[in-house]
Amino acid sequence: MKTGIFVGSFNPFTKGHDSVVTRALPLFDRLVIGVVGQQVNKPGQPSAEERAETIRRIYANEPRIEVKPYYGLAVDFAREEGARFIVKGVRSVKDFEYEREQADINRLLSNGEIDTILLYADPQLASISSSMVRELQHYGQDVTQFLPL
């Protein structure tokens with residue numbers, strides 16, 4: 001069984017995230033969405049279990065998708081789930097450089113056993129980020145257009 005993981009804080013889970021999941025799913029028999037449990041640089045967010053539950057509801061009818069909180073390194077989570085691939089979405093050159101560095105480190109830490117697959121954002125979704133959605137929410141704006149139903 002070919003397993004991939006898609007990891008992030010998902011605070012909140014956006015249409016951009018959903019697009020990555022939709023496009024990654026045909027590549028795997030099983031896709032595990034890993035919700036980062038501890039965020040050193042992002043205090044005050046909903047718990048990992050709350051964020052995971054929101055995502056579970058979105059994919060309730062897709063048996064190949066599992067959603068789990070995880071604590072620690074993505075490469076360790078991949079090992080625990082039997083995944084050889086970490087899926088990441090990139091919106092810009094800045095995202096690409098960050099994710100490339102992470103991919104290199106994860107490959108080193110896994111002795112070359114875990115690779116990263118980068119999926120580029122759909123152009124119409126490239127400006128959507130969780131931080132942008134949180135900022136709009138802070139100012140009382142309706143953000144439903146940026147969130148999957």
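Reckoned from all heavy atoms, side chains included, excluding hydrogens, waters and symmetry mates. Counting begins at 1 with the first residue of the sequence. Worth saying up front: this structure is predicted, and the values here are computed from it rather than measured.
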Is there a path of hydrophobic side-chain contacts, each under 4.5 Å between heavy atoms of I, L, V, M, F, W or Y residues, that connects V87 with L109?
-> no
Quick one: CG on L31 to OH on Y59, what's the gap to the nearest 0.5 Å?
-> 8.5 Å
Candidate pair D95 and Y120, rule side chain to side chain donor-acceptor pair (under 3.5 Å), full reasoning | CA-CA 10 Å; D95 284 355; Y120 295 100; over 6 Å; no
Are any side-chain N or O atoms of R51 and backbone N or O atoms of V36, one a donor and one an acceptor, separated by less than 3.5 Å?
-> yes
Could you tell me which residues satisfy salt bridge (Lys or Arg N to Asp or Glu O under 4.0 Å) with E49, sequence neighbours excluded, listed by chain and number?
-> R56
Look at the side chain of D29 and the backbone N and O of K2, then say whether any donor-acceptor pair between them is shorter than 3.5 Å.
-> yes
Side chain to side chain donor-acceptor pair (under 3.5 Å) filter on E113, not counting sequence neighbours, yields none
Would the number of heavy atoms belonging to other residues, nucleotides or ligands and lying under 6.0 Å from OH of Y71 be above 12?
-> yes
I117 and F28: side chain to side chain contact (heavy atoms under 4.5 Å, CB included), yes or no, with the steps?
-> CA-CA 12 Å; I117 297 173; F28 303 102; 3.9 Å; yes
D122-S19 side chain donor-acceptor pair, cut-off 3.5 Å | yes
If a pair satisfies side-chain hydrogen bond (donor to acceptor under 3.5 Å, both in side chains) and one of its residues is in residues 79-90, list it, with sequence neighbours excluded.
-> R30-E81, K68-E81, D76-R79
When rounded to the nearest 0.5 angstrom, what distance separates CZ in F146 from CD1 in I128?
-> 6.0 Å
Within 6.0 Å of CD in E53, more than 12 heavy atoms from elsewhere = yes
Basic-acidic side-chain contact under 4.0 Å: D115, R107 | yes
Over 60° means perpendicular and under 30° means parallel, so classify the ring planes of F77 and Y70, tilted if in between.
-> parallel
Distance only, no hydrogens: is a donor on one side chain within 3.5 Å (strictly under) of an acceptor on the other, for N11 and S9?
-> no
